[in-house]
Asks: 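I'd like to ask some things about the structure below.
Along the sequence shown, the residues carry numbers beginning at 1. Values in this document were obtained by computation on a predicted structure and should not be read as measured data.
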Amino acid sequence: MNTQTSIPGTPHTTDPDVYIDRAIADQLENLAYANMARNPLAANRLLEEIDRAVIVNSAELSSDIVTIGSEVTFRDNATGNMQTVILTMPTDADITSHRISIMTPIGAALIGIRKGETIWWQTMDNEVRELTIHDVISNNHDRGVPNGAVPR
């Protein structure tokens, strides 16, 4: 965990651990580098999350951890509003269907976080917000997990 003093726009001292599926870790890293010029806020956040993540095999990834294809219900701690979204790769994103891309600031912040944890994210307007994960429903099919592995 990060133990540095909290500064707006940087990880808070209470950032939860991050777990990322080995089957997609390299793909996410390549995606972040490919989007660095076009979307530096999300790309840098995604790289930070990958860098601090514990990379695990698909079978070791608990079903209460957010990954690509997960349906996530979270509360915006500033407003109290609850929202349910599905975290997707950019090509599958569709905001009208509540499918958000990993290459958005909130999508990059959600990856690898466990149900019950609170995480910060920075909006495009440089506002730092916090959200708390209330539920995670894994969808193995959308994650593209090889060989039909089922998360634990």
Side-chain angles (χ1 to χ4, degrees), residues 1-56 61-139 141-144 151:
M1 254 194 249
N2 187 335
T3 57
Q4 298 176 348
T5 305
S6 286
I7 299 170
T10 63
H12 296 147
T13 59
T14 57
D15 277 350
D17 293 335
V18 173
Y19 300 89
I20 295 179
D21 187 337
R22 185 177 316 281
I24 63 168
D26 287 341
Q27 185 179 4
L28 293 177
E29 186 173 42
N30 291 338
L31 182 65
Y33 282 121
N35 282 275
M36 190 62 72
R38 182 175 46 234
N39 190 352
L41 182 64
N44 280 314
R45 177 60 186 264
L46 183 54
L47 289 172
E48 289 169 6
E49 295 304 286
I50 293 166
D51 187 49
R52 70 186 196 91
V54 176
I55 307 298
V56 298
L61 191 66
S62 174
S63 61
D64 68 345
I65 293 175
V66 179
T67 190
I68 299 298
S70 294
E71 181 179 287
V72 185
T73 301
F74 61 87
R75 177 175 47 105
D76 181 323
N77 294 345
T79 65
N81 291 337
M82 298 286 284
Q83 186 173 359
T84 300
V85 299
I86 297 172
L87 185 62
T88 69
M89 296 302 271
T91 55
D92 297 321
D94 178 3
I95 197 66
T96 61
S97 300
H98 303 281
R99 298 175 66 84
I100 65 165
S101 170
I102 186 74
M103 288 308 307
T104 61
I106 196 167
L110 285 170
I111 192 73
I113 305 302
R114 184 182 299 272
K115 177 181 175 179
E117 298 285 5
T118 298
I119 191 72
W120 70 274
W121 65 286
Q122 185 176 350
T123 69
M124 298 287 205
D125 297 328
N126 293 320
E127 178 183 359
V128 176
R129 308 279 295 269
E130 283 189 345
L131 57 87
T132 300
I133 308 297
H134 279 261
D135 198 20
V136 177
I137 300 172
S138 285
N139 184 339
H141 177 72
D142 281 354
R143 286 176 41 205

Asks: Would you check if Ile86 and His98 make a side-chain contact, meaning some heavy-atom pair closer than 4.5 Å?
Replies: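 A side-chain contact under 4.5 Å is absent here.
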Asks: Say you draw a straight line from CZ of Arg75 to CD1 of Ile133; how long is it, rounded to the nearest 0.5 Å?
Replies: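 So the CZ of Arg75 and the CD1 of Ile133 are separated by 11.0 Å.
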Asks: Would you compute the distance between atom CE of Met89 and atom CD of Gln27 and round it to the nearest 0.5 angstrom?
Replies: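 Separation between the atoms: 3.5 Å.
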Asks: How far does OG of Ser101 sit from CG of Leu31, to the nearest 0.5 angstrom?
Replies: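 Between Ser101 OG and Leu31 CG, I get 7.0 Å after rounding to 0.5 Å.
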Asks: Flag the pair Val72 / Gln83 as yes when at least one side-chain heavy-atom distance between them is below 4.5 Å, and no otherwise.
Replies: no
Asks: If every non-hydrogen atom of Met82 is compared with every non-hydrogen atom of His134, which pair is closest and at what distance?
Replies: CE-CG, 3.7 Å
Asks: Hey, are the side chains of Leu110 and Leu131 touching, using non-hydrogen atoms and a 4.5 Å cut-off?
Replies: yes
Asks: So, for Ser63 and Val136, which heavy atoms are closest and what is the spacing to 0.1 Å?
Replies: O-CG1, 3.6 Å
Asks: Out of Leu46, Ile24, Thr88, which residue meets the side-chain contact (heavy atoms from CB on, under 4.5 Å) rule with Ile102?
Replies: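 Exactly one pass, corresponding to Leu46.
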Asks: Are Arg114 and Asp64 ion-paired here, with the side-chain N under 4.0 Å from a carboxylate O?
Replies: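 Salt bridge: yes.
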Asks: Do Thr123 and Arg129 touch side chain to side chain, with heavy atoms closer than 4.5 Å?
Replies: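 Yes; the side chains approach each other to less than 4.5 Å.
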Asks: Taking the side chain as C-beta and beyond, is there a heavy-atom pair between Ile20 and Thr67 under 4.5 Å?
Replies: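 Result no, sub-4.5 Å side-chain heavy-atom pair not found.
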Asks: Tell me if a side-chain donor or acceptor on Asn35 pairs with a main-chain N or O of Ala42 at a distance below 3.5 Å.
Replies: no
Asks: Would you check if the side chain of Asp125 reaches a backbone N or O of Glu127 as a donor-acceptor pair within less than 3.5 Å?
Replies: no
Asks: Could you measure the distance from the CG atom of Asp135 to the CD atom of Glu71? Nearest 0.5 Å is fine.
Replies: 7.5 Å
Asks: Please examine the side chains of Thr73 and Ile137, heavy atoms only from C-beta on, and report whether any two atoms are closer than 4.5 Å.
Replies: no
Asks: When rounded to the nearest 0.5 angstrom, what distance separates CH2 in Trp121 from CG in Leu41?
Replies: 9.5 Å
Asks: Is Ile106 close to Phe74 at the side-chain level, that is, under 4.5 Å between some pair of heavy atoms?
Replies: yes
Asks: Counting C-beta onward and ignoring hydrogens, is there a side-chain heavy-atom pair between Met36 and Asn44 closer than 4.5 Å?
Replies: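 Answer yes - side chains close enough.
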Asks: Can we say Arg52 and Glu48 salt-bridge, meaning some charged N sits less than 4.0 Å from an Asp/Glu carboxylate O?
Replies: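 Salt bridge between Arg52 and Glu48, a charged N being under 4.0 Å from a carboxylate O: no.
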Asks: If the test is side-chain contact (heavy atoms from CB on, under 4.5 Å), which one of Ile111, Val18, Ile113, Val66 qualifies with Ile119?
Replies: Ile113
Asks: Say whether, by atom type as modelled, one donor and one acceptor occur between the side chain of Ser62 and the main chain of Ile65 under 3.5 angstrom.
Replies: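 Flag not set: sc Ser62 to bb Ile65 has no pair under 3.5 Å.
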Asks: For the residue pair Asn126 and Gln122, confirm or rule out a side-chain donor-acceptor distance under 3.5 Å.
Replies: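 There is such a pair between these side chains.
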